[in-house]
Protein chains: 2
Amino acid sequence: MTGNKTRTQYEARARVIKAMAHPSRLLIIDELNRRERCVHELTEIVGTDISTVSKHLSVLKNAGIVTDEKRGVMVYYRLRVPCILNFFGCVESVLKQAAKDSLSVVG
Amino acid sequence: MTGNKTRTQYEARARVIKAMAHPSRLLIIDELNRRERCVHELTEIVGTDISTVSKHLSVLKNAGIVTDEKRGVMVYYRLRVPCILNFFGCVESVLKQAAKDSLSVVG
DNA sequence: TCATTCCTTGGCCAATTTGCCAAACGGCCC
DNA sequence: GGGCCGTTTGGCAAATTGGCCAAGGAATGA
């Protein structure tokens, strides 16, 4: 029964994946892969309102993808699971394949 | 924008990831990794209305994750990019880490 | 204490997503 | 043609998301 994967497990996975499914959050993940960053820095990089970035970060944090650490007035975020980046390699494969067949995803 | 990646590229990636970000679609991907399946079979596995499954499949297809092939009356779907599955390994890492800190994602 | 800086939260609105039902489409066989 | 089966599409309601603005902490320094 629980032999393999339950619906609950798929839901858990989906929550993690969903947390990544936004351009700004992907940008944030990419940036945090380089080094930790405070919210203010990320806001400049992303280019939207700081409240919006803060909400994106809380989505990522809630999904277990990033951690935060308060040092003084600043809150520094960093990636919690480095392998997230391999992930992107695969997504690129999809996009490359899609490009061959000129699907609309490639945008 | 800081790096060599444009917003457009992040949007393309997000579209692919977003297409995966649903429990039923993850289940479908997992199943298609075993072997190709027609819509009717997938409907039994997923357990929702066939029209709902069909829409999930069109999301996956549009993202370049699956292909379909009509043979007679049936439409068979299969994975287009096998590495999608490695992807899950990483998601599991996230969940495992999250479990350690008992975050809510694990649900 | 007060002001400043950094960040988070609440409120609101527009846009998107998900599910079902019902209807349409497309092969196939009689 | 007519009927059946497998699949897709349209339409609708409920729920979720993403963005901004404004207000609410929390740490620091004057």
Side-chain angles (χ1 to χ4, degrees), chain A residues 7-8 10-29 31-32 36-63 65-78 103-105 107, chain B residues 7-8 10-29 31-32 36-63 65-78 103-105 107:
Chain A
R7 169 141 297 262
T8 313
Y10 284 110
E11 282 163 2
R13 287 177 172 193
R15 274 191 289 275
V16 174
I17 296 176
K18 199 170 174 184
M20 293 193 256
H22 188 285
S24 299
R25 295 199 289 265
L26 291 180
L27 174 49
I28 289 171
I29 288 171
E31 186 57 32
L32 293 183
E36 65 171 20
R37 291 289 202 181
C38 68
V39 181
H40 180 71
E41 287 171 325
L42 290 171
T43 298
E44 289 188 338
I45 292 166
V46 173
T48 60
D49 195 88
I50 190 172
S51 70
T52 301
V53 172
S54 179
K55 278 175 187 170
H56 281 314
L57 286 167
S58 92
V59 169
L60 290 172
K61 183 179 161 186
N62 233 284
I65 294 169
V66 305
T67 342
D68 60 341
E69 185 190 345
K70 184 155 193 170
R71 295 208 290 278
V73 199
M74 327 278 275
V75 178
Y76 288 93
Y77 282 83
R78 59 171 170 277
L103 288 178
S104 56
V105 232
Chain B
R7 169 143 297 262
T8 313
Y10 285 111
E11 282 164 2
R13 287 179 173 191
R15 273 192 289 274
V16 174
I17 296 175
K18 199 171 174 183
M20 293 193 255
H22 188 284
S24 298
R25 295 199 288 266
L26 291 180
L27 174 50
I28 289 171
I29 288 171
E31 186 56 32
L32 293 183
E36 63 170 21
R37 291 290 202 181
C38 68
V39 181
H40 181 72
E41 288 171 325
L42 289 172
T43 299
E44 288 188 339
I45 292 165
V46 173
T48 60
D49 195 88
I50 191 171
S51 70
T52 302
V53 172
S54 179
K55 278 175 187 170
H56 281 314
L57 285 167
S58 92
V59 169
L60 291 172
K61 184 179 161 186
N62 234 285
I65 295 168
V66 305
T67 342
D68 61 340
E69 185 189 345
K70 186 158 194 169
R71 294 207 290 278
V73 199
M74 326 280 276
V75 178
Y76 289 93
Y77 282 84
R78 59 170 171 278
L103 288 177
S104 55
V105 234

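Residue numbering restarts at 1 for every chain, and letters A, B, ... go by the order of the sequence lines. Heavy-atom basis, side chains included; hydrogens, waters and symmetry copies ignored. As the structure is a computational prediction, the values presented were derived from the model and not from experiment.
Protein atom CZ of A:Arg7 is 12 Å distant from nucleotide atom C1' of C:dG19, rounded to whole Å. Between the CD atom of A:Glu11 and the P atom of D:dT16 there is a distance of 13 Å, given to the nearest Å. A straight line from CD1 of B:Ile28 to P of D:dT7 spans 13 Å, rounded to a whole angstrom. Distance NZ (A:Lys70) to C1' (C:dC6): 8 Å, rounded to an integer number of Å. B:Asp49 places its CG atom 12 Å from the C1' atom of D:dT7, with the value rounded to the nearest Å. Following rounding to the nearest Å, B:Leu57 (CG) and D:dG6 (C1') show an atom-to-atom distance of 13 Å. In this structure, A:Glu44 places its CD atom 13 Å from C1' of C:dC6, rounding to the nearest Å. Distance, B:Met20 CE to C:dT18 P: 14 Å, rounded to whole Å.
Each of D:dT7, D:dG19, C:dC6 was ranked by its minimum atom distance to the side chain of A:His22; first place goes to D:dG19. Nearest nucleotide to the A:Ile50 side chain, out of C:dT8, D:dT7, D:dC5: C:dT8. Of the candidates C:dT18, C:dC20, D:dT8, C:dC20 carries the atom nearest the B:Thr48 side chain, counting heavy atoms from C-beta on. Distance from the side chain of B:Val75 is smallest for D:dT7 among the nucleotides D:dA26, D:dT7, D:dA22. Distances were taken from every side-chain heavy atom of B:Thr52 (C-beta onward) to each of D:dT17, C:dC20, D:dA27; the shortest belongs to C:dC20. Looking at the side chain of A:Ser51, the nearest of the listed nucleotides D:dG19, D:dC20, D:dG6 is D:dC20. Of the candidate nucleotides C:dC21, D:dG19, D:dT7, D:dT7 has the atom lying nearest to any side-chain atom of B:Met74.
Look at B:Lys55 and you won't find any side-chain N or O under 4.0 angstrom from OP1 or OP2 of D:dT7. OP1 or OP2 of D:dG6 has not a single side-chain nitrogen or oxygen of B:Tyr77 nearer than 4.0 Å. Using a 4.0 Å cut-off, no side-chain N or O of A:His56 falls inside it from OP1 or OP2 of C:dT8. Put simply, A:Lys18 has a side-chain N or O that comes within less than 4.0 Å of OP1 or OP2 on D:dT17. Residue A:Ser54 has a polar side-chain atom (N or O) positioned under 4.0 Å from OP1 or OP2 of C:dT8. Contact between the side-chain N/O atoms of B:Arg25 and the OP1/OP2 oxygens of C:dT18 is found at a separation under 4.0 Å.
Of all heavy-atom pairs spanning B:Thr43 and B:Asp49, the tightest one is CG2-C, 4.3 Å. Contact record, A:Ile65 with A:Ala19: CD1-CB, 4.0 Å, taken as the closest heavy-atom pair.
In summary, A:Glu36 and A:Arg71 engage in a salt bridge, as defined by a charged side-chain N under 4.0 Å from a carboxylate O.
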Practice task
For the pair A:Tyr77 and A:Leu32, evaluate side-chain contact (heavy atoms from CB on, under 4.5 Å) and give the outcome as yes or no after the intermediate values.
Solution key: CA-CA 7 Å; A:Tyr77 282 83; A:Leu32 293 183; 4.0 Å; yes

Handout entry: side-chain contact (heavy atoms from CB on, under 4.5 Å) evaluation trace for A:Glu11 with B:Leu26
Key = CA-CA 9 Å; A:Glu11 282 163 2; B:Leu26 291 180; over 6 Å; no

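For A:Gly47 and B:Ser58, each mapped to the nucleotide of DNA chain D holding its nearest heavy atom, the one lying further toward the 5' end belongs to B:Ser58. If you find the closest nucleotide of DNA chain D to A:Arg71 and to A:Ala21, the one lying nearer the 5' end belongs to A:Ala21.
For the pair B:Met20/B:Val16, a side-chain contact is recorded, criterion being any heavy-atom separation below 4.5 Å from C-beta on.
Residue contacts for B:Val39: at a heavy-atom cut-off of 4.0 Å it reaches the sugar-phosphate backbone alone, with no base atom in range.
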